[in-house]
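Comments concern the structure below.
Note that this is a predicted model, so its numbers are computed, not measured. Below, read A as the first sequence line, B as the second, and so on, with proteins coming before strands; counting in each chain starts at 1.
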Amino acid sequence: MKIKEAASRLNTTPRTIRFYEEKGLIQPEKGENDYRYYNEADLWKLQTILALREVGMSTSKIKTTLQDENEVRKYLNMQRSALYEEWLEIKDMISTLDQMLEQPSFSQKDIFTLSNHLKDVKQKRKSWEDQWNFDSQAKDYDKSLKRSGFRFNVHEFYEEALGSAVGFVKPVEGETGLDIGIGTGNLAEKCFESGASMIGVDQSEEMLKVCGEKHPTIDTRHGHFLALPLMDKQVDFIVSSYALHHLTDEEKLLALQEMDRVLNDNGRIAIADLMFEDEEQKEAVMDQFEEEGNTEAIFAIRDEYYGLRSQLSGWFEQHGYRVEVKRLSDILHVVYAVKV
DNA sequence: CTTCTCACA
DNA sequence: TGTGAGGA
């Protein structure tokens, strides 16, 4: 089949097909006359190229995607999270513009403040990278849970924490739940045992792969706290365990806002994580570690962003949630919030 | 009808 | 990331 027929069959132009060839996406056979001849396999490939272009994937990304047929899903997943991130950015730009227009008297300063805030939010979303290298931890994560630290075990009461989160949320058959930072899926598993269908978000492709193999029924999606790959009000409840402490305190509040966006009316949120009660208790606990000379604990805590339970419940209450909390240890708490 | 190249946004 | 013109 010559190029024009191929083009019309695929609803594109010969010029475009040649362009893809130039970019190294496809190599059709050439006849004596130097004409390009396309076979069925070429058409299939062109079809996927066109489809990937249609969802906004760059030609260079498409090239790497097509290297391994089995990886197509993975790249589509990445593409989805990238598009959600763009969508959120545009939404933020629009609402900032709206706010600028709402200013009664146009003062340079207020506009600048708004634009700076917007820039800040964009920055935070973009800079969220895999600082903890979860990709390489993925395969051994479950094993590492069982191995305690020498003098400081962050996973003490791990099972209790997950159990308590699910106990708060009480998933019901037919509901859709979201687990953010799903990891290998231990918490989500307890949720879908009670009949809810689960969506799991993680920024690590490797984690998603391990999770997908362990729990094929979970809808695993690439994404992160600051840009959830979901539409507004799409889930009935949200759970998250041992994940929020990877975000700075400022980012934590943005993350709560993002959860609020995807959560349905009357939705529930349960967060089980390493955190302190409040500033006072944090100081007391850190002093205690200091006295005991427990440097292992101090380093571990300094290495991440253990937040304050009071900060989280404060945000929830300000935004119309009813809050319940449970303390499992000095540094392990569950925060439960219902949107009312 | 197809090819290629150059220029253009 | 494509598109249009123009010659062979």
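Counting heavy atoms of neighbouring residues, nucleotides and ligands inside a 6.0 Å radius, atom NZ of A/K209 does not exceed 12 of them.
Atom CZ of A/R18 and atom C1' of C/dG2 are 13 Å apart (whole Å). Rounded to whole Å, atom C1' of B/dT2 lies 13 Å from atom CD of A/E21. Here B/dC1 presents its P atom at 13 Å from CD1 of A/I3, a figure rounded to the nearest Å. Look at NZ on A/K63: it is 13 Å from P on C/dT1, rounded to the nearest Å. Computed from coordinates, the A/I49 CD1 to C/dT1 P distance equals 13 Å when rounded to whole Å. In this entry the distance linking CD1 of A/I17 with P of B/dC4 reads 14 Å, nearest Å. We find that OH of A/Y35 is positioned 16 Å from P of C/dA8, with the value rounded to whole Å. A/N33 places its CG atom 11 Å from the P atom of B/dC4, with the value rounded to the nearest Å.
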Dot-bracket for DNA chain B, please, read 5' to 3', with Watson-Crick or G-U wobble pairs under 3.5 Å on both distances, ( ) within the strand, [ ] crossing, | other strand, . unpaired.
.|.||||||

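Each of A/E5 and A/R15 lies near DNA chain B, and the nucleotide nearest A/E5 is the one positioned closer to the 5' end.
Among the atoms of the strands shown, only primed sugar atoms or phosphate atoms (P, OP1, OP2) are found under 4.0 Å from some heavy atom of A/R53.
Donor-acceptor pairing under 3.5 Å is lacking for the side chains of A/N264 and A/K339. Judged purely by distance below 3.5 Å, without hydrogens or angles, the side chains of A/H333 and A/R327 never pair a donor atom with an acceptor atom.
Checking the phosphate oxygens (OP1, OP2) of B/dC4, a side-chain nitrogen or oxygen of A/K30 falls inside 4.0 Å. When the side-chain nitrogen and oxygen atoms of A/K2 are compared with OP1 and OP2 of B/dT2, none of them lie within a distance under 4.0 Å. Side-chain N/O atoms of A/T16 include none lying less than 4.0 angstrom from OP1 or OP2 on C/dT1. The phosphate of B/dC1 has neither OP1 nor OP2 within less than 4.0 Å of any side-chain N or O from A/R36. Within the 4.0 Å cut-off from OP1 or OP2 of B/dT2, not a single side-chain nitrogen or oxygen of A/Y37 is found.
Scanning all heavy atoms of the two residues, the minimum distance from A/A270 to A/V169 falls at CB-CG2, 3.4 Å.
For the side chain to side chain donor-acceptor pair (under 3.5 Å) with A/D120, the lone residue among A/Q123, A/K124, A/K122 that qualifies is A/K124.
The distance between the ring centers of A/F299 and A/F152 does not fall below 6.0 angstrom. Checked against the 6.0 Å centroid criterion, the rings of A/F192 and A/H215 qualify as a close aromatic pair.
If you check B/dC6, C/dG2, B/dC4 against the side chain of A/D34, the one that comes closest is B/dC4.
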